[in-house]
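Following: one structure in structure tokens, then a few remarks.
In this text the structure is predicted, and so the values were computed from the model without any measurement.
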Protein chains: 2
Amino acid sequence: MSTTPPAIADSKQPATSPSRRELNKAATRQAISDAALQLLRSKGPGNFTVEDIAEAAAISRRTFFNYFSSTEAALASVTHGFLDNALAQFRLRPADEPILESARAALVQLADPMTVAPMAELYSLAQSNPQLNRSELEAWDHCTAQIIEAARERFARTSGGELDELYLRALAGSVISCGKAAMDVWFAQHGADLSAKSLSKLRQLLIDAMGLLGSGFTPTANLSTDRH
Amino acid sequence: MSTTPPAIADSKQPATSPSRRELNKAATRQAISDAALQLLRSKGPGNFTVEDIAEAAAISRRTFFNYFSSTEAALASVTHGFLDNALAQFRLRPADEPILESARAALVQLADPMTVAPMAELYSLAQSNPQLNRSELEAWDHCTAQIIEAARERFARTSGGELDELYLRALAGSVISCGKAAMDVWFAQHGADLSAKSLSKLRQLLIDAMGLLGSGFTPTANLSTDRH
DNA sequence: CCAAGAACTTGCACAGAGTGTAAAAATGCA
DNA sequence: TGCATTTTTACACTCTGTGCAAGTTCTTGG
């Protein structure tokens, strides 16, 4: 790693940030994450050490810890990427749209092969491992916190002030729980199948989950459309 | 610890299980948990080791690990106790009652001083610490899984077969999220205040959260009763 | 272009977590 | 009481996570 990248004639410098330093850091970070995932694939959870990851990423053990606080954290960057994506979609929605509708739209955006693939793989590999599952939980929780922030801003922008903390937190938590439930069901039924058919099923599950939430889980009228 | 308990004339042996061995184990487990909590109080999160806990509980370091897999796990037994309690309440509800109503009833049962006190203390002490928060999350997740089981059994008993996995998981996850949201708001507003007034507020928050869930988070009609 | 300084990497050392193993102590049972 | 079973304990060992100081690489201003 970082043995003087071959100084490509850097013709354009897109406005501000991507300095050499930042590019290197991003690359290293990615290399670590990739190496960790590769080892997870080849050796299985719990059967490799930080030293192994460092070696595979061609950095020192110490540098690994400059980037991630643990093996799990390195792997969880996949999940974080996935959820950050969801959050970004959510923030793009118009501020006057109902939260649930925004959530539905944001989640449906995720059901595309490129986005879901890494998540699906990590999910299946992590299944058996308690440690990994804990960091997955943490990632979802982190996302919940960010949704709360996003929704808070949105409310502040539209309705002046005085919003109900309970409403905010309960809603954000439920949205995430339902999103997670949909993915759990999908994983359970389809494993790592990323075919168009399977992905459309995922989309439908996400929509249905938001529908359940929006209708207060009325036990009658067993929700919407084409459950095979 | 375990230096031959003073052989109290064990007049009654309640039916089956509580043998001397099991009693000792339960006592040791409790002693460890207590010692850990005590250290958390006196030194703050992250400022004591497993060895410290073991010493305080008068056992060896190795024995600690026979009971708990980490410091956090020892502390999380508080939360597990709290949530197991909730689950037990849930299971006591009649099988034909709507799930949300059962959840509401079960959660309200928890808003009593003896039950909430340890949870509230742990919550405030754990606030700052990432490690502790992770095991808290894990505890809530574990509870979600058990609620799913409980609800599954209930459905199986009443409605024959064929129930919707998505419905089950989304509902259970949302119920837990809302319960957690209510507790979060309560903690944020009342800290460790266990007065009757504060507890009645907690009850109301729990009821309101279930109400929100049952009404599909309709943004209009800002829910029910006496907010502060 | 280059020197000074900022940012990053690395090796080293060290405290602590977790686990296998085998011997010792406690407990259960006949 | 004596033997079988379970639990505790000491010990050794690997791995994690972090502080520190010396070495590298990048940035920036002259």
For the pair B:E149 and B:R91, find out whether any cationic side-chain nitrogen is under 4.0 Å from an anionic carboxylate oxygen. no
When the distance from CD of A:E55 to P of C:dT10 is rounded to whole Å, what number comes out? 13 Å
d(NZ, B:K43; P, C:dG16) in whole Å: 11 Å
Charged N-O contact under 4.0 Å between B:E22 and B:R29: no
Would you mind telling me which of D:dT9, D:dC26, C:dT19 lies closest to the side-chain atoms of B:N66? D:dT9
Side chain of A:R21, heavy atoms from C-beta onward: which of C:dT9, C:dC8, C:dT19 has the nearest atom to it? C:dC8
Of the listed C:dG11, C:dA17, C:dG28, the closest approach to the B:T71 side chain comes from C:dA17
Taking the side chain of B:R61 as heavy atoms from C-beta outward, which of D:dA12, D:dC26, C:dT10 is closest to it? D:dA12
Toward the 5' end of DNA chain C, which comes first, A:Q131 or A:S60, by nearest nucleotide? A:S60
CD/B:E51: more than 12 non-hydrogen atoms of other groups inside 6.0 Å: no
Taking CD from B:E51 and P from C:dA17, how many angstroms apart are they, rounded to a whole number? 8 Å
Tell me the interatomic distance from A:K25, atom NZ, to D:dT25, atom C1', rounded to whole angstroms. 13 Å
Checking all strands, does B:Y67 fall into the base, sugar-phosphate, or nothing category for heavy-atom contacts under 4.0 angstrom? sugar-phosphate
Between the side chain of B:T144 and the main-chain N/O of B:W140, is any donor-acceptor distance below 3.5 Å? yes
Please confirm whether any donor atom in the side chain of A:R62 sits under 3.5 Å from an acceptor in the base of D:dG17, or the reverse. no
How many Å lie between CD1 on B:I53 and C1' on C:dA17, as a whole number? 12 Å
Distance check needed: C:dC12 C1' versus A:F65 CZ, whole Å only. 15 Å
Using only side-chain N and O atoms of B:N24, determine if any of them is under 4.0 Å from OP1 or OP2 of C:dT27. yes
May I have the distance from B:F64 (atom CZ) to D:dT9 (atom C1'), rounded to whole angstrom? 16 Å
From B:T49, B:I53, B:D34, B:T71, residue fulfilling side chain to side chain contact (heavy atoms under 4.5 Å, CB included) relative to B:L39: B:I53
Base, sugar-phosphate, or nothing: which does B:T63 touch, judged by heavy atoms less than 4.0 Å apart? base
For the pair made of CD in A:E22 and C1' in D:dT27, what is the distance, rounded to whole Å? 12 Å
Does B:S69 put a side-chain nitrogen or oxygen below 4.0 Å from OP1 or OP2 of C:dG18? no
